[in-house]
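Shown next, in structure tokens, is the structure this report addresses.
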Amino acid sequence: MDYEGFFENELETVRDEGRYRVFTDIKRHRGRFPHATRFLEGSETQAVTVWCSNDYLGMGQHPAVLEAMHSTLDECGAGAGGTRNISGTNHYHVELEAELADLHGKQSALLFTSGYVSNWAGIGTLAARIPNCAVFSDELNHASMIEGIRYSKAERRIWKHNDPEDLDRHLAEFDADRPKLVAFESVYSMDGDIAPIAEILDVCEKHGALSYIDEVHAVGLYGPRGGGIAEREGLMDRIDVIEGTLGKAFGVMGGYIAASRNLVDFVRSFASGFIFSTALPPAVAAGAAASIRHLKTSDRERELQKERVETVRRKLDMMGIPHLANPSHIIPVMVGDAHKCKRISDWLMDNHGIYVQPINYPTVPVGTERLRLTPSPVHTDGDIDRLINALSEIWSQCELARMATAA
């Protein structure tokens, strides 16, 4: 087989479809986020403003987080030195897991190297090792959840997105005493919609199913202490497993699950994705714990972000730029064509230093390509005005439809 020819042909297909991904070489600057420097060919650089970061609250730049990481690096050194089972458990990991358990009102929590791994290992281990377990997955669940289900080889059903009645119909087809696991998200990252958590939990409890919620796009952002949508709605105690990330609103990296002591210990004891992974560096764990502690008591970042999101939505409406209405912090600006989406993204960067990546298949279905804006507390009025004016200009150049503007 001509392996190199095969690789090239596959890549050319992706390029022809307008969905070839290109990395943007940027350097964030401490204390100046969302402003960064883009590195071009040779020694040329460009000042850019980042509009697509998942560091939703700018906590990756917060002084308390940076101080915790600096001091822990000086105290402990760079790496953890091993897996958690073999010398890699540092006191800062233990402290962070305690903070996470407290955040979600659970007995215990377990750290992973990323949110992807925590979903893959958490769901995969539970579904594989609970005898005859059947898994029920929302049709728009994240790839990490889907991979965990596939890994488990458990029988699975896909239920209609955010449709508790359809979930109920699927669960009713299984024996009442058969183990069941229902997996869903709170905030869906591409459309920005929010699950009807209470109604889903009603169905889970009716059929004796374990509930597993992914709150990665909600932790830090919602609830009085940043516990997520489930905390905001007073539902954390009804959920069996809460999964989250440290790499979005908390501004660092890593993933976790929070649940009962026995469930967490079960995953810790059997999940290969945990057992065989080197532990997070202690400085990362310390920074994440500092971020969580800050957001447990400070609502300032959440309130500022909410105001910035509302401002961007209002100004998009004034220009007639189409975006999905949703109750979350995510603003999907709809383009509907892969080539135009890439063209718009490139033009915004090259002409205005506005960095927002095109979102295309397989992340979203073909025909729903979009720019995914994530306004943060540190985007200024000037940043917003430059974004809106540039979008309006390129929208006209691409002859894209506009919405009816407000009177």
Side-chain angles (χ1 to χ4, degrees), residues 26-36 50 53-84 87-104 106 108-119 215-223 225-228 231 242-258 274 277-302 304-305 329 374 376-378:
I26 66 169
K27 180 192 290 185
R28 286 163 47 123
H29 302 295
R30 185 181 66 183
R32 292 179 53 205
F33 180 76
H35 302 291
V50 181
S53 174
N54 283 339
D55 187 355
Y56 292 132
L57 299 177
M59 291 301 294
Q61 302 286 316
H62 195 280
V65 176
L66 300 183
E67 172 57 31
M69 295 185 73
H70 278 298
S71 62
T72 306
L73 181 65
D74 290 339
E75 181 183 0
C76 299
T83 66
R84 291 289 299 278
S87 83
T89 296
N90 187 281
H91 184 63
Y92 290 102
H93 299 122
V94 178
E95 286 189 339
L96 176 53
E97 286 171 339
E99 288 288 350
L100 290 164
D102 173 77
L103 177 67
H104 294 294
K106 298 299 183 185
S108 190
L110 186 67
L111 283 173
F112 295 86
T113 51
S114 73
Y116 191 104
V117 174
S118 57
N119 266 335
E215 288 252 48
V216 298
H217 292 278
V219 290
L221 295 163
Y222 300 92
R225 300 200 308 157
E231 185 196 26
I242 297 174
E243 185 268 348
T245 184
L246 306 169
K248 293 183 171 59
F250 292 130
V252 193
M253 69 169 292
Y256 65 89
I257 61 170
F274 174 83
S277 289
T278 297
L280 289 170
V284 171
S291 181
I292 293 165
R293 282 192 291 268
H294 176 82
L295 291 174
K296 280 179 178 178
T297 59
S298 173
D299 207 36
R300 179 176 179 273
E301 292 80 7
R302 288 186 281 272
L304 283 172
Q305 191 219 31
H329 59 285
T374 54
S376 76
V378 288

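These numbers were taken from a predicted model, which means no experiment stands behind them. Only this structure's heavy atoms are used, side chains among them; waters, hydrogens and symmetry mates stay out.
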Is Leu295 close to Arg302 at the side-chain level, that is, under 4.5 Å between some pair of heavy atoms?
yes
Taking all atoms of both residues into account, what is the closest heavy-atom pair of Asn90 and Cys76, and its distance?
ND2-SG, 3.9 Å
Correct closest heavy-atom pair for Thr113 and Thr278 would be CG2-O, 3.4 Å
Show your working on side chain to side chain contact (heavy atoms under 4.5 Å, CB included) between Phe112 and Asn119 and close with a plain yes or no.
CA-CA 9 Å; Phe112 295 86; Asn119 266 335; over 6 Å; no
Quick one about His104 and Glu215 (side-chain donor to acceptor, distance below 3.5 Å, no hydrogens or angles considered), yes or no?
no
Glu243 versus Val216, closest heavy-atom pair with distance
OE1-CG1, 3.3 Å
What is the ring orientation for Tyr56 with His329, classed by angle as parallel under 30°, tilted 30 to 60°, or perpendicular over 60°?
perpendicular
Kindly write out the residues that satisfy side chain to side chain donor-acceptor pair (under 3.5 Å) with Lys106, not counting sequence neighbours, or none if the list is empty.
none
Would you call Tyr256 and Val219 a side-chain contact if the rule is heavy atoms closer than 4.5 Å?
yes
Report yes if some heavy atom in the side chain of His217 is under 4.5 Å from a heavy atom in the side chain of Lys248; otherwise report no.
yes
Smallest separation among heavy atoms of Val65 and Ser291, with atom names:
CG2-CB, 3.7 Å
Give the minimum heavy-atom separation between Ala285 and His93, together with the two atoms involved.
CB-CD2, 3.8 Å
Checking side chain to side chain contact (heavy atoms under 4.5 Å, CB included) between Val284 and each of Leu73, Val252, Leu111, which is the one that passes?
Val252
Quick one: are Phe250 and Ile292 in side-chain contact, heavy atoms under 4.5 Å?
yes
Smallest separation among heavy atoms of Asp102 and Lys296, with atom names:
OD2-NZ, 2.8 Å
Evaluate side chain to side chain contact (heavy atoms under 4.5 Å, CB included) for Val378 paired with Gln61, printing each intermediate quantity in order.
CA-CA 10 Å; Val378 288; Gln61 302 286 316; over 6 Å; no
